[in-house]
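Following: one structure in C-alpha cells, then a few remarks.
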Amino acid sequence: MRHLGALLFLLGGLGALADVCEVPEVDSKLVESLGQRLLPWMDWLSLEHLNPSIYVGLRLSSLQAGAREAFYLHILKLNYQQRLLGLAIDDDSSNNQAKPSMGQLALYLLALRANCEFVGGRKGDRLVSQLKRFLEDEKRAIGSNHKGHPRTSYYQYGLGILALCVHQKRLHDSVVGKLLYAVEHDQHLQQDRLSVDTVAMAGLAFTCLEQSNLNPNQRHRISQAISTVQQKILKAQTSEGHFGNVYSTPLALQLLMNSSMPGEKLGRACLKARAALLASMQDGAFKNVLIISQLLPVLNGKSYVDLISPDCKAPRVLLQPAVETPSQTQELISVMLKVPHALQPYRHRISVPAGASLEDVLKKAQELTGFTYETRNSLSGPYLTSVMGKEAGEREFWQLLQAPDTPLLEGIADYTPKDGQTIELRLVSW
Ligand code: B12
C-alpha cells in the first residue's frame, strides 16, 4: 500500500494519474451462492476430494464455513503430512497414495498461510525442503539453455515460488531466473497460445517477491517481468471483457488488482472484466470448485499476494447450506461422440437426459457401445487420461472439442452437452 501511495504521488507529480484495478462489490447473494457450492466438498473428506485450494479461496473470501473450516484444515494437515513425510501410517492403503505434486504441496503451504500459520518445526522444514527440491529438479529439467520444459508446468513452477515467498523462504536467484526467462521469452505458451492462467500465476509470484524483497539482486528484472505480465494480460482481453477466457479471468484479476499503471486503461479494463464476470456468474458458468476458489478472493478484493500477511480476524459471513431443488427431467437429448484419430476410430450417437454431463455421455458410451476411457482425479475434477485404450503420453493430452474445432472450456464433469451437438476427443501435444 505504501508503495502504491508513493507511486501515485510520483505519477501525480508528473502530471499523469496512476490508475488501479478495482472490482467493485458484487451482489452478496450471488457471492454466497458461489460459496455454497464449496460446502459439500468440505464435508467430503475422502482423500481424492481433499483440495487445499478450496480452503485458501474461502479464507480470502467474505464468507466462512464455521467449524467445518478448522476441521478441514486439520484433515488437510494429516493427509498432506502423511503423504509427504510418510507419517503415522496405520492402514496399508495410505502407503499406496500418490505423493502430492509440486503444485499441490505449494497449495497446501498457501492453506497454512491462509490460517496465518508459518510453516515451521521439523516437519514444516522438511516440507519446505521438499518444495525447494521440486523446484531445483524442475530448474534442471528446463536446462541451462532453457530448451527443456518443466516436468509439471510453468503454472506449478510459479505456484511453488509463490508458496515459498508467502512463507518468507528465500529461493536461489537461478530458480526465480527460470520463471523470469519464461515470461521474458514467451515460454509459458500452451499450443502456441498464451495461457493467461500461467502468466497470471507467474505475475503473482513475482509480485510477492517484489513486495517481500526476497531476491534483491533481481529486483529490476522482477519489476520488468511484472509489467510484461500486466501487458500480456491486458492484451488478452476479449471483446466481452474476459482476460483469456472466463475461467482465467479470476487469476488475471488477482494479478491486476496488485497493479498500477499510468493512464486509464487498467481501471477501465478491470471494470469491463467485472461486468463480464458478473454476466457469467448469472449465467451459472461457475460450477467448478477450483475455479470458484480462485474467484471468491477477487470478489472480496483479495489475491494470493495477501497471504504475505493475511487478515485472519476479518469478519466473514457464515455460509448456510443451499436448499437443493432437484430438477427432474424426462427429456432425452442426443449427442454425437467421436474419436476419429484413434487406432480404432469411434463414432456413435449417445442418448442421455437433458442436463447430463459429458462424463455421463462417456459412461453411457462405455456401457453400450464399446467406447473405453479412463480418468485421474485432480483438484479440477476428473481428468481424462486415456481413450479407446490409448493413454496420453508426456506433454500430450486428450483434448475435448465441440466439432469441428472449438476446445471446450470445461472438463468432462462440468460440461453439459446440448442436443444434437458433436463432441470430439482428440489426442494433442501441448
Ligand atoms: C496446466 C494446465 C493444463 C495442462 C495440464 C497438463 C500438465 N502436465 O500440467 C493441459 C494443457 C494438458 C490442460 C488440459 C486441459 N485443460 Co487445463 N489447465 C492447466 C492450468 C493452467 C494449471 C493446472 C495446474 O497445474 N494446477 C495446479 C495443480 C497443483 O493442481 P492439480 O489438480 O494437481 O493439476 C492437474 C489438473 O489441473 C489437470 N488439469 C489441467 N487442466 C484441467 C482441466 C480439467 C477440467 C481437469 C478436470 C483437470 C485439469 O492437470 C494438472 C496437472 O496434472 C489450469 C489453470 C487454472 N486456473 O487452474 C488450466 C485449466 C484447469 N484447464 C482448463 C481446461 C478447460 C482444460 C481442458 C478441458 C481443455 C480441453 N478443451 O481439452 C483440458 C483437459 C482435458 C482432459 N483430458 O480432461 C480450464 C478449466 C476450466 C473449468 N471450468 O474448470 C483451466 C482453468 C484453464 C482455463 N482458464 O480455461 N490444462
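Indexing begins at 1, ligand by ligand and atom by atom, following the structure's order. Remember, it's a predicted structure, so these values are computed and weren't measured experimentally.
One option in Leu400, Thr152, Thr375, Val428 has a heavy atom closer to atom 72 (O) of ligand 1 than any other, and that option is Leu400. The heavy atom nearest to atom 30 (O) of ligand 1, considering only Leu251, Leu379, Leu427, Val246, is found in Leu379. Comparing Tyr154, Trp398, Tyr108 by heavy-atom distance to atom 77 (N) of ligand 1, the nearest is Trp398. Checking Phe243, Tyr383, Tyr155 against atom 21 (C) of ligand 1, the nearest heavy atom belongs to Tyr155. When Ile292, Thr198, Leu384 are checked for heavy-atom proximity to atom 78 (O) of ligand 1, Leu384 turns out nearest. Residue Leu409 holds the heavy atom nearest to atom 80 (C) of ligand 1 of all those in Thr385, Leu409, Asn288, Leu408.
Using modelled atom types and a 3.5 Å distance limit, the side chains of Ser357 and Asp360 yield a donor-acceptor pair. Judged purely by distance below 3.5 Å, without hydrogens or angles, the side chains of Asn258 and Thr207 never pair a donor atom with an acceptor atom.
Assignment of Pro382 to the shell around ligand 1 is supported, since a heavy atom sits closer than 4.0 Å. At a 4.0 Å cut-off, at least one heavy atom of Arg376 sits close enough to ligand 1 to count as contact.
Among the atoms of Glu410, none of the N or O lies under 3.5 angstrom from an N or O of ligand 1. In terms of polar-atom proximity, Asp197 is counted as a contact of ligand 1, with an N or O under 3.5 Å from an N or O of the ligand.
Ring-plane geometry between Phe286 and Tyr247 is classed as perpendicular, the angle between the planes exceeding 60 degrees on a 0 to 90 degree scale with a lower cut at 30.
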(Q) Go through it in stages, so that I can follow the logic: the residues are Tyr108 and Leu127, the test is side-chain contact (heavy atoms from CB on, under 4.5 Å), and I'd like the CA-CA distance, side-chain angles, deciding distance and then a yes or no. (A) CA-CA 10 Å; Tyr108 170 64; Leu127 294 183; 3.6 Å; yes

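Every atom of ligand 1 with a heavy atom of Tyr247 under 4.0 Å away is listed here by number and element: 81 (C), 83 (N), 89 (N).
Ion pairing of Arg426 with Asp405 is present here, as a side-chain N (NZ or NE/NH1/NH2) and a carboxylate O approach within less than 4.0 Å. With respect to the salt-bridge test (charged N to carboxylate O, under 4.0 angstrom), the residues Glu136 and Lys139 qualify.
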